[in-house]
Amino acid sequence: MSRQKLFALVDCNNFYVSCERLFRPGLNGRPVVVLSNNDGCIIARSNEAKALGIQMGAPYFKTRELIRRHAVEVFSSNYALYGDLSSRVMEVLQQLESEVEIYSIDEAFLSLPPSRFIDLPNHCRAIRERVRQCVGIPVSLGVASTRTLAKIANQSAKKDPGRAGVCCLESPAAIDELLARTAVGDIWGIGPRSVDKLRRRGITTGLQLKQVDENWVRCQLTISGLRTVMELRGISCIEIDDSRIRKQSLVCSRSFGRPVTELSELREALSAYVSRAAEKLRAQSSLASCLHVFLLTNRFRSDLPQYSRHLTLSLAGPSSSTPSLLRPALKGLEQLFKTGYSYKKVGVMLTGLVPAARRQLSLFAPQAASDTTLMLAMDQINHRWGRDTLYYAGTGQERAWAGRQAFESPAYTTDWEALPRVGSEPSGVNGKGRLRPTGR
DNA sequence: TCTGGGGTCCTAGGACCC
DNA sequence: TCTGGGGTCCTAGGACCC
């Protein structure tokens, strides 16, 4: 038994699909997929859907025939549900282990102390069972001496029958055996570009990558690639910085449900995204110094004229007030806008984020204290009564440009009106359990 | 007809400084 | 004919991740 510190990667199985199944147990054993925003691409698949050959990221409209033929159940993404269940899973993990790094909505790394080295597999099975019991989401665990190896172990825990959701890589022989069966493209940090470079050098497996010349990797795959190689060798050198809860940049952007040609509609959409971005900014107590607006047409429509521009604007001073971000954003949009194009997407990115507490006051710009008070009141009202209870009129009433979400499930766990009912038919709601209409 | 959204890190090169 | 050397900071773009 090694005395080295170990990492466990806990990964929720087919997370979005598992969330949908939680309240529709009849879907267990059946093929299920979840779509991206605007019902564009497939972003989650049940094992049964994977077995049908449905690819991750495949456009929905290209898969529709296959989906119809096999009666695959389809869902629009429901982030209210997934976000809530994710935080419940993480909470359970935090109760069980002292060091938990939340890596994404469905993954967390645990540090297992040396005392745990006794019967590691049993310990992992207990964690798995606890999450299943408390939240109902199935998870898999991969354990190894580095995060990269833990990721690889986790893939094996999921894929290889007989592992039953747990794979502990303890002996060097077990590590090399698994690496020899792992394609370089399946290794965390090795993307398509790196796969090409490695293949040209004759490297296709994890074991080959582990043995590659360091200088070559440093030159070809940069320091990031070298870190991955060191991790394969069992030297831990990738840290997860979850102390940085505050983002360094914020983006808000969506594809339109249909082509948009009018400036008035673009103004509404951009106003909505700027409002949302400003809310996120205030939620993490930051101010933005810089604002980028972008506008683009549908790049897949090669038969239509293409347009894609962005504009960077420095703000008079760091701010998180919606109106002080809206004004320059809309001015920027007018500069970007050209008639005669069918637009697909508009968006905003906020950068140069600084903590609100460390605001650098300007000698010249007027300080808008009233704005701060107003925003605080607005955020409190929207928190208490639900998003968009109060909103800026410029974000529009009808929102005809909004994306499609034809297959959305109820927000079972975050909306009183959407609570599942036992023993009686839901009354007066169209199966979606919503009090308010989906639009405005 | 229909192809997601939101992040991070690294590097090279330019601007600028002494 | 000859034209330094070494820094830092910023930005755009590439690559990758979920």
Side-chain angles (χ1 to χ4, degrees), chain A residues 9 11-12 14-16 33-44 55-65 67 74 76-79 82-83 86 102-109 147-148 151 154-155 184-198 217-228 237-259 273 276-277 280-281 284 289-290 292 294 296-304 310 312 314 342 344-353 402-407:
Chain A
L9 174 64
D11 192 326
C12 301
N14 313 330
F15 182 53
Y16 297 169
V33 297
V34 176
L35 305 179
S36 62
N37 264 316
N38 206 21
D39 292 344
C41 296
I42 287 162
I43 54 168
Q55 294 301 306
M56 179 69 175
Y60 171 52
F61 76 93
K62 286 190 179 173
T63 328
R64 195 173 288 161
E65 177 48 30
I67 283 175
V74 178
S76 301
S77 32
N78 178 350
Y79 288 103
Y82 312 151
S86 168
I102 298 174
Y103 177 62
S104 74
I105 193 165
D106 68 336
E107 283 170 86
F109 288 102
R147 293 179 180 83
T148 303
K151 273 261 192 188
N154 190 287
Q155 291 167 16
V184 281
D186 291 335
I187 295 171
W188 190 39
I190 305 294
R193 300 284 171 157
S194 303
V195 169
D196 284 348
K197 286 181 185 167
L198 289 167
V217 172
R218 177 68 185 80
C219 288
Q220 293 295 313
L221 308 185
T222 78
I223 188 77
S224 311
L226 184 55
R227 285 197 190 113
T228 296
C237 50
I238 297 179
E239 302 290 327
I240 306 292
D241 189 1
D242 65 354
S243 63
R244 194 171 46 209
I245 307 296
R246 281 187 182 145
K247 308 267 189 261
Q248 302 188 87
S249 66
L250 283 177
V251 179
C252 195
S253 167
R254 298 277 185 286
S255 295
F256 300 127
R258 55 158 173 76
Y273 305 150
R276 182 74 195 113
K280 291 189 200 171
L281 199 55
Q284 65 162 34
S289 324
C290 211
H292 314 256
F294 51 93
L296 37 101
T297 50
N298 187 345
R299 65 198 164 95
F300 295 101
R301 292 294 300 268
S302 48
D303 54 322
L304 294 178
H310 65 100
T312 300
S314 284
S342 285
K344 180 66 181 170
K345 191 193 268 191
V346 68
V348 63
M349 175 155 74
L350 302 175
T351 59
L353 306 192
R404 288 178 300 272
Q405 290 216 278
F407 317 100

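First the proteins, then the strands, lettered A, B, ... as listed; each starts at 1.
- Across the protein-nucleic acid pair, A:Phe294 atom CZ and B:dG5 atom P stand 9 Å apart, rounded to whole Å.
- An OP1 or OP2 oxygen of B:dC2 is reached within less than 4.0 angstrom by a side-chain nitrogen or oxygen of A:Arg301.
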Start with the C-alpha distance between A:Asn38 and A:Arg254, add both sets of side-chain angles, then the distance that settles side chain to side chain contact (heavy atoms under 4.5 Å, CB included), and finish with yes or no. CA-CA 8 Å; A:Asn38 206 21; A:Arg254 298 277 185 286; over 6 Å; no
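- Applying the 4.0 Å criterion to OP1 and OP2 of B:dG6, one finds that A:Arg254 has a side-chain N or O inside that range.
- The minimum heavy-atom distance linking A:Ala44 with A:Met56 is given by the pair N-SD, 4.4 Å.
- Taking side-chain N and O atoms only, A:Lys247 has no distance below 4.0 Å to OP1 or OP2 of B:dG5.
- Phosphate contact (OP1/OP2 of C:dA15, side-chain N/O of A:Ser224, threshold under 4.0 Å): absent.
- The residue A:Leu221 sits apart from the nucleic acid: no heavy atom pair falls under 4.0 Å.
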Check step by step if side chain to side chain contact (heavy atoms under 4.5 Å, CB included) holds for A:Arg147 and A:Tyr103. CA-CA 11 Å; A:Arg147 293 179 180 83; A:Tyr103 177 62; over 6 Å; no
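- Distance noted for atom C1' between B:dC16 and C:dG4: 16 Å (whole Å).
- Ring geometry for A:Tyr82 against A:Tyr16 counts as parallel: the plane angle stays under 30°, on a 0 to 90° scale with 60° as the upper cut.
- Residue A:Thr312 comes nearest to A:His292 through the heavy atom pair OG1-ND1, 3.0 Å, listed as atom of the first residue, atom of the second, then distance.
- Pairing each heavy atom of A:Ser77 with each of A:Ser36, the nearest pair is OG-C, 3.6 Å.
- Two residues, A:Arg299 and A:Ser249, neighbour DNA chain B, and the one matched to the more 5' nucleotide by heavy-atom proximity is A:Arg299.
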For A:Leu226 and A:Leu221: C-alpha separation, side-chain torsions, deciding distance, then whether side chain to side chain contact (heavy atoms under 4.5 Å, CB included) applies. CA-CA 7 Å; A:Leu226 184 55; A:Leu221 308 185; over 6 Å; no
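- Looking at the side chain of A:Tyr103, the nearest of the listed nucleotides B:dG7, B:dG4, C:dC17 is C:dC17.
- A:Arg404 places its CZ atom 10 Å from the P atom of B:dG4, with the value rounded to the nearest Å.
- Regarding contacts with the backbone of B:dC10, every side-chain N or O of A:Arg218 stays at 4.0 angstrom or more from both OP1 and OP2.
- Following rounding to the nearest Å, A:Met56 (CE) and C:dC17 (C1') show an atom-to-atom distance of 11 Å.
- For the pair A:Leu353 CG and B:dG6 C1', the interatomic distance rounds to 13 Å; values are reported in whole Å.
- One interatomic measurement links the two molecules: CZ of A:Phe256 to C1' of B:dC2, which rounds to 16 Å at whole-angstrom precision.
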Between A:Tyr60 and A:Ile67, does the side chain to side chain contact (heavy atoms under 4.5 Å, CB included) criterion hold? Intermediate values first, please. CA-CA 9 Å; A:Tyr60 171 52; A:Ile67 283 175; 3.8 Å; yes
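- Contact annotation: A:Arg227 side-chain N/O to B:dC10 OP1/OP2 distance is under 4.0 Å.
- Residue-to-nucleotide proximity on DNA chain B shows that, of A:Thr222 and A:Lys345, the 5′-proximal contact is made by A:Lys345.
- Minimum atom distance to the side chain of A:Pro259 is reached by B:dC2, of the listed B:dC9, B:dG4, B:dC2.
- Scanning both residues, A:Ile105 and A:Ser86, for their nearest heavy atoms gives O-OG, 2.6 Å.
- What separates CG of A:Asn38 from C1' of B:dG5 is a distance of 11 Å, to the nearest Å.
- Closest of all the heavy-atom pairs between A:Ile187 and A:Thr228 is CG2-CG2, 3.9 Å.
- The interatomic distance linking A:His292 (NE2) with C:dT11 (C1') rounds to 10 Å, in whole Å.
- Stem regions annotated for DNA chain C: B:5-18 with C:5-18, counting only runs of 3 or more consecutive pairs of Watson-Crick or G-U type with both contacts under 3.5 Å.
- Atom-to-atom distance recorded for A:Ser76:OG and A:Asn37:CG is 9.0 Å, nearest 0.5 angstrom.
- In this structure, A:Asn37 reaches the sugar-phosphate backbone alone: every heavy-atom distance under 4.0 Å involves primed, P, OP1 or OP2 atoms, never a base.
- The two residues A:Lys247 and A:Leu353 come nearest to each other via the heavy atoms O-CD1, 3.5 Å.
- Among the protein residues, A:Tyr60 comes within range of no part of the nucleic acid, since none of its heavy atoms lies under 4.0 Å from any strand.
- A:Asn298 comes within contact range of the sugar-phosphate backbone alone, with a heavy-atom separation under 4.0 Å but no base atom that close.
- For B:dG5, one of the phosphate oxygens OP1 or OP2 lies less than 4.0 angstrom from a side-chain nitrogen or oxygen of A:Ser255.
- Closest to the side chain of A:Ser253, out of B:dG6, B:dT8, C:dC18, is B:dG6.
- Distance OH (A:Tyr16) to P (B:dG4): 15 Å, rounded to an integer number of Å.
- Considering only side-chain N and O atoms, A:Lys197 lies nowhere under 4.0 angstrom from the phosphate OP1 or OP2 of C:dA15.
- Within the nucleic acid shown, A:Arg64 comes within 4.0 Å of at least one base atom, counting heavy atoms only.
- For residues 186-194 of chain A, proximity to DNA chain B is found at no residue, defined as any non-hydrogen atom under 4.0 angstrom from a strand atom.
- The side chain of A:Lys151 sits closest to C:dC17 out of B:dG4, C:dC17, B:dG5.
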